[in-house]
Structures are given as structure tokens and as C-alpha cells.
Amino acid sequence: MKFGHFTANQAILEAVLDNRNIHVIDFDINEGLQWPPLMADLAAGGSSPASLRLTALTLKNHNASNFAMVNQTGRLLREYADSINLSFEFEAVEMANEDDFDAIRVDESRVLVANCMIHQLHTPYRSFPLLKTFLSGVTNRLAPKLVVLVEEEVYNFEKIPSMSFVEFFCEAIHHYTALSEALSADGIGGIGLEMMEKEVLGVRIVNSLREFPCRASEKLEWGDGFESLQRLFKARAFSHYNVSQANYLVSLFNGGYWVQHERNRLALCWKSRPLVTASIWLPKCGRKRKK
């Protein structure tokens with residue numbers, strides 16, 4: 001998780017050098033752990049004042065406790081922003097379809113960024129169709145300056161539409177085996193590892209197999225969201241500083257981790273297998289936000 005957060009935050013900071021007033025649309029905020037480091041960097045650096053507006057998307061008609069948790073996260077982030085004297089706004093917006101993105105307030109004076117983390121294992125209700133809605137909504141309706149995409153490798157957008165269920169099943173076995181080995185090497189063993197496998201990994205494995213798009217129509221829907229991103233945006237290479245920061249972060253952990261940088265993607269690997277892959281996307285020339 002730290003790998004994805006730090007890589008995404010560095011890409012955002014590099015995209016806002018000329019305007020440090022930022023609006024982030026966050027697909028899956030959870031406890032908001034990604035944002036305090038970015039907020040601290042905004043408050044500490046730069047010759048001009050900085051501000052952050054954070055829009056957290058929640059699932060429409062989902063349980064009320066989730067909406068309450070998102071707003072509690074917002075309150076905690078606001079308290080932190082006050083403590084470091086950073087101008088901060090927070091809003092939670094319910095999302096069910098692409099039309100819901102019209103409810104998001106967009107200020108032309110701010111740099112708009114879409115942040116999409118698809119590797120947080122404790123949110124199984126973030127289904128594949130919802131990912132498609134998010135990517136289609138932000139690219140078609142909002143036209144952000146930057147889209148940050150962090151994918152758990154087993155859910156790779158480019159691979160899944162062409163995979164059979166058997167191929168995905170085998171890929172999932174290898175992926176979760178490598179993830180379990182990495183957790184064990186990090187010192188999570190015994191009862192702790194058993195609980196992690198049962199309560200987190202086990203649930204995620206079952207959900208991923210259940211939601212795999214088997215029918216042609218489902219594969220088409222899965223590919224549609226990523227297609228809208230590719231049609232309107234282009235992948236951009238990571239900066240040398242971002243790659244160096246990722247390598248330094250990985251060096252602090254077990255020696256089995258390493259960073260792969262190729263094809264405009266930055267991947268956290270365990271031994272021979274990528275676990276998490278990050279990419280950053282910029283709008284193609286002439287791309288403007290719909291009015």
C-alpha cells in the first residue's frame with residue numbers, strides 16, 4: 001500500500017508545480033492514509049500558498065456505516081490540515097453511474113486529479129463494474145489533468161479481457177501465493193498470517209474468482225473503462241526522482257522486493273512476480289472538460 005501511495009503522491013506533486021491548488025477525486029479513500037504525506041508536502045514546500053480539495057466517492061445505496069466512515073475520515077483529515085495550516089476542503093459524493101459525476105463541483109482554478117487505487121484488499125464491494133464507471137466518469141465528464149492508476153497485478157486491465165477463467169485462476173494462485181510469501185517474509189507469521197489469509201486474502205480470492213468476467217458481454221464491460229482512459233489519455237513515463245524514491249522505499253523492506261520500471265509502468269515485485277503496478281496518464285492534445 002505504501003508503494004502505491006508514495007508513487008501516486010509524487011506524481012501528483014510533479015503535476016502541480018505551476019499551480020499548487022489541487023482537487024483530487026479519490027475512488028477509494030478508506031482511512032485516508034494516502035493523503036497526510038501529500039498534505040504535509042503541500043504545506044511545507046513552494047513559494048506560493050497551496051490548498052487541497054478532496055472528493056471521496058462512495059457507493060450509492062451502500063450501507064450507511066460506510067458513508068459515515070468516509071465522512072469520519074474527512075473530519076480527521078480536516079483536523080490534520082488545520083494543524084499544519086493547509087487550506088483543505090472535503091466532500092463525499094455517492095456514485096452509481098456516470099451521470100453522478102455531474103454532481104462533483106469543479107473549480108477551473110484548481111488542478112484536477114483522479115486517483116484510483118485498485119489494490120486495497122479490504123474493500124470487496126468495489127466491484128469491477130464500479131471501476132469501469134469511475135474511469136469512464138472521470139475521463140468523459142471531468143477531464144482531469146492527471147489520472148493515477150494503481151492496480152493489484154492480478155486485476156491488470158490489459159490482461160483480463162483476453163484471459164479465460166482457467167488462465168485467471170492460475171494467475172490468481174501464483175499472485176496470492178507470492179503475496180502470502182511476501183507477508184511471511186515481512187515477519188507476519190503464525191497466528192497473524194493465518195488470520196490474514198483467512199480474514200483478508202481468503203475473502204479477496206473468493207471475490208475475485210466470483211467477479212471474473214466469464215461472458216463476452218462482461219469482458220467487453222471490463223475493457224470499456226480502460227478503453228475510455230486509453231482513448232482520451234496517454235501513459236506518461238515516471239520521473240527519475242519518482243523511480244529513485246520507489247527504489248529507496250523498497251530497500252527499507254525485505255530483500256525479496258524490487259522495483260520494475262518499463263513501458264511507462266512502475267511495479268512493486270516480489271521475487272519474479274509483480275504485485276502492484278502504478279501508471280500515470282495525461283490528457284491527449286486538445287482534450288477539454290465537458291461543460
Side-chain angles (χ1 to χ4, degrees), residues 1-8 10-11 27-28 30 34 115-124 126-132 134-135 147-186 188 196-197 200-214 218-219 222-223 225-227 229-230 235-238 242-243 245-247 249-250 253-281:
M1 190 180 295
K2 287 183 179 180
F3 172 85
H5 289 172
F6 277 93
T7 301
Q10 181 58 36
F27 173 69
D28 192 5
N30 282 302
Q34 176 177 352
N115 186 74
C116 188
M117 297 277 165
I118 319 173
H119 67 290
Q120 290 152 335
L121 304 180
H122 50 292
T123 52
R126 295 281 176 177
S127 63
F128 295 163
L130 199 59
L131 291 174
K132 181 245 181 182
F134 176 80
L135 290 175
V147 177
V148 182
L149 184 63
V150 179
E151 308 165 77
E152 189 176 2
E153 185 61 23
V154 74
Y155 301 136
N156 189 297
F157 272 99
E158 292 182 293
K159 293 180 181 178
I160 282 185
S162 62
M163 295 177 73
S164 68
F165 178 79
V166 172
E167 290 171 329
F168 179 77
F169 181 82
C170 293
E171 183 71 15
I173 288 175
H174 293 306
H175 175 81
Y176 287 111
T177 297
L179 188 55
S180 181
E181 289 176 356
L183 291 172
S184 181
D186 285 340
I188 302 177
M196 177 70 73
E197 291 175 342
V200 180
L201 295 183
V203 173
R204 198 65 191 99
I205 291 169
V206 171
N207 285 332
S208 63
L209 294 176
R210 180 185 296 124
E211 295 184 4
F212 176 77
C214 293
E218 293 174 332
K219 288 181 181 292
W222 172 259
F226 190 59
E227 187 276 333
L229 181 64
Q230 289 181 309
R236 190 198 78 179
F238 284 90
N242 206 333
V243 176
Q245 177 182 259
N247 279 307
L249 179 65
V250 167
F253 297 92
N254 186 283
Y257 291 107
W258 60 286
V259 174
Q260 180 184 67
H261 183 214
E262 62 181 25
R263 297 175 57 238
N264 293 332
R265 290 173 175 268
L266 201 60
L268 173 65
C269 303
W270 171 255
K271 297 184 179 178
S272 63
R273 295 198 63 84
L275 298 178
V276 176
T277 302
S279 58
I280 49 180
W281 299 76

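Numbers here are sequence positions counted from 1. Hydrogens, waters and symmetry mates play no part in the numbers below; they use all other heavy atoms, side chains included.
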What is the distance from atom CZ of F169 to atom NE2 of H174, rounded to the nearest 0.5 Å? 10.5 Å
Can you see which heavy atom on C269 is nearest to which on P274, and at what distance? SG-CA, 3.8 Å
Can you check whether N115 reaches Q34 side chain to side chain, under 4.5 Å on heavy atoms? yes
Between atom OH of Y257 and atom CG of N247, what is the distance when rounded to the nearest 0.5 Å? 15.0 Å
Do F3 and L266 make a side-chain contact, defined as non-hydrogen atoms from C-beta onward lying under 4.5 Å apart? yes
Listed by chain and number, what are the salt bridge (Lys or Arg N to Asp or Glu O under 4.0 Å) partners of R273, not counting sequence neighbours? E171
To the nearest 0.5 Å, what is the distance between CH2 (W281) and CG (N264)? 8.5 Å
Please check this pair: side chain of N242 against backbone of T7, looking for a donor-acceptor N/O pair closer than 3.5 Å. yes
Would you check if the side chain of Q245 reaches a backbone N or O of F6 as a donor-acceptor pair within less than 3.5 Å? yes
Between I280 and F238, is the side chain to side chain contact (heavy atoms under 4.5 Å, CB included) condition met? List the steps. CA-CA 8 Å; I280 49 180; F238 284 90; 4.0 Å; yes
Euclidean distance, E153 CD relative to L275 CG, rounded to 0.5 Å: 8.5 Å
Approximate separation, where rounding is to 0.5 Å, of L209 CG and I173 CD1: 8.5 Å
Test log, rule side chain to side chain contact (heavy atoms under 4.5 Å, CB included), inputs E152 and L179: CA-CA 11 Å; E152 189 176 2; L179 188 55; 4.2 Å; yes
Provide the closest heavy-atom pair for A246 versus V259 in the form atom of the first, atom of the second, distance. O-CG2, 3.8 Å
Is a side-chain donor or acceptor of W258 paired with a backbone partner of L268 at a separation under 3.5 angstrom? no
I'd like to know if R265 pairs up with E151 as an ion pair, taking the criterion as any Lys NZ or Arg NE/NH1/NH2 lying under 4.0 Å from an Asp or Glu carboxylate oxygen. yes
dist L249:CG -> H5:NE2 (nearest 0.5 Å) comes out at 11.5 Å
